[in-house]
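These numbers come from the heavy atoms of this one structure, side chains and all, not from hydrogens, waters or symmetry mates. Chain letters run A, B, ... following the sequence lines, proteins first, then strands; residues in each count from 1.
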Number of protein chains: 2
Amino acid sequence: MRTLYHPPVEEITVEGILHAFSDPVRLEIYINLAVAECAKNCSAFATIQKRTLPKSTLSQHFRVLREAGLIRSERKGVELINSTRCAELKERFGAMILAIIEAYAKQQQAV
Amino acid sequence: MRTLYHPPVEEITVEGILHAFSDPVRLEIYINLAVAECAKNCSAFATIQKRTLPKSTLSQHFRVLREAGLIRSERKGVELINSTRCAELKERFGAMILAIIEAYAKQQQAV
DNA sequence: TCATTAGTTCCGAATTTTAGAACCATGAAA
DNA sequence: TTTCATGGTTCTAAAATTCGGAACTAATGA
């Protein structure tokens, strides 16, 4: 397994972030990580939005989030623990990410 | 030509908006419309991001933006004039759209 | 009526995404 | 030390999506 690539903050783009967020599963994963008080491994999301995803698909989704610069993944034993890079990105992207999280949360509670 | 479908505000979703914004051309079109002081027709964007798009492609991009609820298109004579639904969406999506516009603008001026 | 302009629709090609199968890496048990 | 289990990755073919040329439609004006 190659080492996991995490782009430096200055290489992260608005387009890359919005592409990563364009998939409802990835959006859900990211927001779940963002509001969680602790980091989570990938398989914590094996069942999401009422369906079970194969682990190859889940792995791809995490890679997209990671390479867009949205999350940080660190190996811990046999698993990968994931957390958001929210704080790092705040400087560069201002209120954007928080505003997305809030809009999504508001929408969900309205259902 | 069928009449153009514009979803009512309550049917617009965060996921739909983020999907529409996942394409750099659509993001650019939307932001250009948002910061412009007047509505524009589709072919105003025939050349965008240093390349010329075929009009079938452009037409699809406008349809995606329209059906995501981001823009309003009205026929005026032979052409379609497009404007954002920014004001309408503010109530429902709070600062999200403005935050995206601002993050993108900041990034562009840094280049 | 005919020509022109702006945009849409159709549809095959190109690209991207999905997910099963095989694989790799780590840690723990025997 | 093997050996096994677990968590995740890679490979790859199929499915889904997007792109773009050609033909079309709708409105307008000569």
Side-chain angles (χ1 to χ4, degrees), chain A residues 1-6 15-30 32-33 36 38-68 70-83, chain B residues 1-6 15-30 32-33 36 38-68 70-83:
Chain A
M1 196 187 309
R2 300 201 276 283
T3 57
L4 303 164
Y5 179 67
H6 293 86
E15 297 92 312
I17 291 174
L18 293 176
H19 171 260
F21 281 161
S22 71
D23 184 290
V25 168
R26 286 195 295 263
L27 184 62
E28 176 93 11
I29 290 172
Y30 180 82
N32 189 313
L33 283 175
C38 61
K40 298 188 177 185
N41 68 2
C42 299
S43 50
F45 299 93
T47 294
I48 193 168
Q49 290 173 355
K50 294 177 187 157
R51 69 198 207 97
T52 299
L53 294 182
K55 53 188 187 165
S56 59
T57 300
L58 208 53
S59 178
Q60 287 306 314
H61 283 319
F62 275 94
R63 191 168 67 83
V64 172
L65 288 170
R66 186 166 54 240
E67 295 186 355
L70 286 165
I71 65 171
R72 185 170 295 286
S73 308
E74 291 174 279
R75 180 162 285 282
K76 187 165 193 179
V78 75
E79 59 194 48
L80 224 57
I81 60 162
N82 303 282
S83 53
Chain B
M1 197 186 308
R2 299 200 274 286
T3 58
L4 303 164
Y5 180 66
H6 294 86
E15 297 91 313
I17 291 175
L18 293 176
H19 172 260
F21 281 161
S22 71
D23 185 290
V25 168
R26 286 194 296 263
L27 184 62
E28 177 93 12
I29 290 172
Y30 180 82
N32 190 313
L33 283 175
C38 60
K40 298 188 177 184
N41 68 2
C42 298
S43 49
F45 299 93
T47 293
I48 193 169
Q49 290 173 354
K50 294 174 187 158
R51 69 199 207 96
T52 300
L53 293 182
K55 52 188 188 163
S56 58
T57 300
L58 209 52
S59 177
Q60 287 306 312
H61 284 320
F62 275 95
R63 192 169 66 83
V64 172
L65 288 170
R66 187 165 55 240
E67 296 187 354
L70 285 165
I71 65 171
R72 185 169 296 285
S73 308
E74 290 174 280
R75 180 161 286 281
K76 189 166 192 180
V78 74
E79 59 195 47
L80 224 56
I81 59 160
N82 302 283
S83 52

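Atom pair B/Phe62:CZ and C/dT8:P shows a separation of 9 Å (rounding to whole Å applied). Distance A/Lys55 NZ to D/dT6 C1': 8 Å, rounded to the nearest Å. Distance, A/Leu4 CG to C/dA25 P: 13 Å, rounded to whole Å. For the pair B/Glu67 CD and D/dT18 P, the interatomic distance rounds to 12 Å; values are reported in whole Å. Between the CG atom of B/Asn41 and the P atom of C/dT5 there is a distance of 14 Å, given to the nearest Å. Taking atom CZ on B/Arg75 and atom P on D/dT25, their separation rounds to 14 Å, with Å as the unit. Rounded to whole angstrom, the span from the CZ atom of B/Phe45 across to the P atom of C/dA6 amounts to 15 Å. Look at CG on B/Leu80: it is 6 Å from P on C/dG7, rounded to the nearest Å.
One finds the CG atom of A/Leu53 at 7.0 Å from the CD1 atom of A/Ile29 (value rounded to the nearest 0.5 Å). With rounding to the nearest 0.5 Å, the separation of NE2 in B/His6 from CD1 in B/Ile71 is 7.0 Å. Atoms CG and CZ, on A/Leu65 and A/Arg63 in that order, are 11.0 Å from each other to the nearest 0.5 Å. In this structure, CD on B/Glu79 lies 12.5 Å from CD on B/Glu74, to the nearest 0.5 angstrom.
Annotation: salt bridge (Lys or Arg N to Asp or Glu O under 4.0 Å) contacts of B/Glu28 (sequence neighbours excluded): none.
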Q. Reading nucleotides 15-20 of chain C from the 5' end, what letters show protein touch, with B for base, S for backbone sugar-phosphate only, - for no heavy atom under 4.0 Å?
A. --SSBB

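Of the listed nucleotides (D/dG7, D/dA26, D/dT9), D/dT9 has the atom at the smallest distance from the side chain of A/Arg66.
With DNA chain C read from its 5' end, the first of the two nearest nucleotides for A/Gly77 and B/Ser59 is the one closest to B/Ser59.
With a 4.5 Å cut-off on side-chain heavy atoms, B/Arg26 and B/Gln60 do not count as touching.
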